[in-house]
Amino acid sequence: MKIAIVNGPNLNKIGQREPHIYGKESFEHFFEGLQKSYPKIEFQHFQSNHASELIDALHGFDNVCDGIILNAGAFTHTSLALADAVAGLQTTAVEVHLSNTLARENFRHHSHLTMYVKGCVQGFGLESYRLAVASFL
Ligand code: DQA
C-alpha cells in the first residue's frame, strides 16, 4: 500500500512554530516513527509553502497512491484552486489538522476541502496523521 502525506505552508516548521498549538516534535521525527510502525506501507511525504506546488503534488500522487493525507495548512481556509484539485482526485483523500480548527479563530472554522475528502481528523497533534493512516487499513 502506498500513502502520500502532503503538507502545506508553514508545516515545515512543526516543532518550532507555536509549540503550544502544534507541539514540540518535528514532522520529520514523527514521520520516521510512523514509517517504522507500518513497515509494509510505502510512504511518500511532500511539503511546500506554495499552493501551485501542492496542486502539482496532488496530481502526481493521484492514481499512483492508495491514499492521500492532506494538511493544507492555511490554504485549507483560502484556496479554491486547491479545493478544485482535491475535488478532482480519484484517489481517496483524508484531511488532517494538528489543531482542532473548530476550537480556534473563526477564520479557521471553514474548510474549502472537507466536502471533497472522505473524512477529516483534527485536534490530536501529529497523532492526527497516524489516525488518518489507520483509516486506510
Ligand atoms: C493547521 C490549521 C490551520 O488553520 C493553520 O493555518 C495551519 C495548521 C493544523 O494542522 O492545525 O497552518 O492546518
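First listed ligand is number 1; within each ligand, the first listed atom is number 1. Computed from a predicted structure; not experimentally measured.
A heavy-atom separation below 4.0 Å is found between Asn71 and ligand 1.
Closest to atom 8 (C) of ligand 1, if we only count protein heavy atoms, is Tyr22 OH, 3.5 Å. Here the protein heavy atom with the shortest distance to atom 11 (O) of ligand 1 is Ser99 OG, 2.6 Å. At the shortest separation from atom 5 (C) of ligand 1 among protein heavy atoms lies Arg108 NH1, 3.2 Å. Looking only at heavy atoms of the protein, atom 1 (C) of ligand 1 is closest to His97 ND1, 3.7 Å.
Residues Gly60 and Val64 approach most closely at O-CG2, 3.4 Å, considering heavy atoms.
The closest heavy-atom contact to atom 3 (C) of ligand 1, among the options Glu95, Arg17, Lys13, His77, comes from His77.
The shortest distance between side-chain heavy atoms of Leu102 and Gln122 falls below 4.5 Å.
No donor-acceptor contact under 3.5 angstrom links the side chains of Tyr22 and Asn10, judged on distance only. No hydrogens or angles considered: nothing links the side chains of His20 and Glu18 as a donor-acceptor pair under 3.5 Å.
At a heavy-atom distance under 4.0 Å, no atom of Val96 approaches ligand 1. Contact annotation: for Leu98 versus ligand 1, heavy atoms closer than 4.0 Å belong to both the backbone and the side chain.
Heavy-atom neighbours of His109 NE2 from other residues, nucleotides or ligands within 6.0 Å: above the threshold of 12.
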Apply side chain to side chain donor-acceptor pair (under 3.5 Å) to the pair Tyr129 and Asn71, showing each step before the final yes or no. CA-CA 9 Å; Tyr129 291 90; Asn71 184 348; 3.2 Å; yes

Should Phe27 and His45 be marked as a ring-ring contact (aromatic ring centres under 6.0 Å, His included) after you check the CA-CA gap, both sets of side-chain angles, and the distance that decides it? CA-CA 10 Å; Phe27 183 82; His45 172 229; 4.4 Å; yes

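Not one N or O of Leu11 is nearer than 3.5 Å to an N or O of ligand 1, by distance alone.
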